[in-house]
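Nothing here was measured: the structure is a model prediction, and the numbers come from that model.
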Amino acid sequence: MAELPRGIYWDKGQTPPRCYAIAILRADQNATAAGIDKALAALAGLWNELRIGATPALQGATIPTSSFEWLLGYGRKAFDIAGSKHPVPRKLRPPNSFNSVDPQGGGLAIDGSGLKFAEGIAQNLATEQFCVQFTGDTPLSIARAIVETSLLLESMRDAMTGKAPLMVSASFTGFNREDRRSWLDFHDGLSNLQSGAERRSVIEARPQGLAKSDKWLAGGTYMAFIRLRIDIRLWRTLTKDMQESIVGRTKISGCPVVAIDSAGLVAADPLCPAHGTSEVDAAPDNARFLEPPDAVDEKSRLSHVQRANHHIVKQRVYRQGYEFFENSVLGRPLEVGLNFVSFQESPDRLFFMLKTDTWLGRTNFGGWAGPEILHVVAGAIFVCPPIVEGEAYPGASTFSSVEPLIS
């Protein structure tokens, strides 16, 4: 029986843990399916130990589990490994893909979108064979997972060649904010899908939506990861009305914007927030303000919340993102941003949203052309196979272990 992989908090009563990391795993160019199978099986064993409060360096001791969870993703390149039993899934093939960084730097990250690579980025580090998402309640829980993963893979180096089948090539971290706002200072996630059946219907890949060669993925999902740098300095040069017109909500209360006049002044729903509350929150009377309304003027319809929604569930995705902060280093000021993470039964949903003009196509975030607030640091699409009883790790049927670890 195939089950949705863990690490996706879709059901009622579930809340994503506070801390996040994603490790990008690069396969050696001469790695075989047998070598990858051995490495992934060992990693799954390690990660499952961490789930129950055990770690290799502290045999016999129990560590806090901190709600730790892991989720394995396969990039398009994973299926090019020698000996792979499955072809590249149809939905991982172009046009559902990210571009390479232009030789001179920058360039569109996704054709048809308004998202460009950030300045100073020479390579899209996310487009490797595998990724693993770690979530947990504490920074230590995810840091430990990255450290132990790296050390385990390093221990698998061949004595003669010094090579290992897999290595951690990059990692990115993030956190949830207790104020439920983003670095733009606005409420975030108000109009996410309802937990329970609605989320699952959007997340879970179903047999009827898969090509014949991809039926093994039924019960799994596709994960999008985009690390977005936010130009907070540019954002804070904009007036409050400009910010609200771009986002489509009022900054303090989170109420939906319904009109923008010729002077650029915004008007919110006059009934929002509900009586006795100061902002759109979980109060039952505020439920009607979580989704952006249909009755808005043309300027308001160009805002981010209007472009990204349209009240069409079949085109929506489930977002499970995390903010990030990076200290300044020599030659680079501090940076903030969002680890955009979404789950969907097909990446067609996300690429439709990002490429279609009436949605987010050719716009950076929202508004008319809009200022370029967001830039891509790294991004990729991964398929996350279902959990199948008897498999050492999700997707184990892709690889065998009858060949040498390195050819």
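For Glu148, there are no salt bridge (Lys or Arg N to Asp or Glu O under 4.0 Å) partners, not counting sequence neighbours. In this structure, Phe289 has no ring pair (Phe, Tyr, Trp, His ring centres under 6.0 Å) partners at least two apart in sequence or on a different chain. In this structure Arg93 satisfies the side chain to side chain donor-acceptor pair (under 3.5 Å) test with no other residue, sequence neighbours excluded. Partners of Ala42 by side chain to side chain contact (heavy atoms under 4.5 Å, CB included), not counting sequence neighbours, listed by chain and number: Leu152. In this structure Ala267 satisfies the side chain to side chain contact (heavy atoms under 4.5 Å, CB included) test together with Ala259, sequence neighbours excluded. Every residue meeting the salt bridge (Lys or Arg N to Asp or Glu O under 4.0 Å) condition with Arg6, not counting sequence neighbours, appears here in chain and number order: Glu69. With sequence neighbours excluded, the residues that form a side chain to side chain contact (heavy atoms under 4.5 Å, CB included) with Gln194 are Glu198. Taking the side chain to side chain contact (heavy atoms under 4.5 Å, CB included) definition, one finds that Lys116 meets it with Leu108, Glu372, His375, sequence neighbours left out. With sequence neighbours excluded, no residue satisfies disulfide bond (SG atoms under 2.5 Å apart) with Cys131.
Counted by atom type alone, Asn176 and Arg18 present zero donor-acceptor pairs between their side chains at under 3.5 Å. With no hydrogens or angles considered, no side-chain donor-acceptor pair links Ser303 and Ser300 at under 3.5 Å.
Across Val305, Asp269, Val258, Val257, a single residue satisfies side chain to side chain contact (heavy atoms under 4.5 Å, CB included) together with Pro292, and that is Val305.
Going from atom NE2 of His304 over to atom CZ of Phe186 covers 11.5 Å, rounded to the nearest 0.5 Å.
Identified under the ring-ring contact (aromatic ring centres under 6.0 Å, His included) test for residues 212-258, with sequence neighbours left out: His86-Trp216, Phe172-Phe225. Residue pairs meeting the side chain to side chain donor-acceptor pair (under 3.5 Å) criterion with at least one partner in residues 103-115, sequence neighbours excluded, are Asn99-Asp111. Sequence neighbours left out, not one pair with a member in residues 22-43 passes ring-ring contact (aromatic ring centres under 6.0 Å, His included).
In this structure, Arg233 places its CZ atom where more than 12 heavy-atom neighbours from other residues, nucleotides or ligands lie under 6.0 Å away. Sparse packing is recorded around CD of Glu119, with 12 or fewer heavy atoms of other residues, nucleotides or ligands lying under 6.0 Å away.
Inter-residue side-chain proximity for Leu302 and Arg307 is flagged as met; some heavy-atom pair is nearer than 4.5 Å. Residues Leu338 and Tyr322 form no side-chain contact, since every pair of their non-hydrogen atoms from C-beta on lies 4.5 Å or further apart. Taking 4.5 Å as the limit, every side-chain heavy atom of Asn327 sits out of range of all side-chain heavy atoms of Leu334. With a 4.5 Å cut-off on side-chain heavy atoms, Leu46 and Pro56 count as touching. With contacts defined as side-chain heavy-atom distances shorter than 4.5 Å, the pair Ser97/Arg76 qualifies. Inter-residue side-chain proximity for Ile232 and Leu184 is flagged as unmet; no heavy-atom pair is nearer than 4.5 Å. Contact of the Leu115 side chain with the Leu374 side chain is registered, since non-hydrogen atoms from C-beta on lie closer than 4.5 Å. Side-chain contact check for Val377 versus Leu228: every heavy-atom pair is 4.5 Å or farther apart.
Note: Phe134 and Phe68 meet the aromatic proximity criterion, with ring centroids under 6.0 Å apart.
Using a cut-off of 4.0 Å between Lys/Arg side-chain N and Asp/Glu carboxylate O, Arg180 and Asp188 are scored as not salt-bridged.
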### Message
I'd like to know whether Asp285 forms a side chain to side chain donor-acceptor pair (under 3.5 Å) with Thr277, so could you lay out the CA-CA distance, the side-chain angles of the two residues, the decisive distance to 0.1 Å, and finally the verdict.
### Response
CA-CA 9 Å; Asp285 289 345; Thr277 65; over 6 Å; no

### Task
Check step by step if ring-ring contact (aromatic ring centres under 6.0 Å, His included) holds for Phe352 and Trp359.
CA-CA 8 Å; Phe352 174 88; Trp359 289 65; 5.4 Å; yes

#### Entry: Residue pair Thr149, Trp47: steps toward the side chain to side chain donor-acceptor pair (under 3.5 Å) verdict
CA-CA 8 Å; Thr149 297; Trp47 300 331; 2.9 Å; yes

### Query
When you look at Ser342 and Gln344, which way does the side chain to side chain donor-acceptor pair (under 3.5 Å) test go after all the steps?
CA-CA 7 Å; Ser342 70; Gln344 47 277 308; 2.8 Å; yes

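When all heavy atoms of Val266 and Asp241 are compared, the pair lying nearest together is N-OD1, 3.1 Å.
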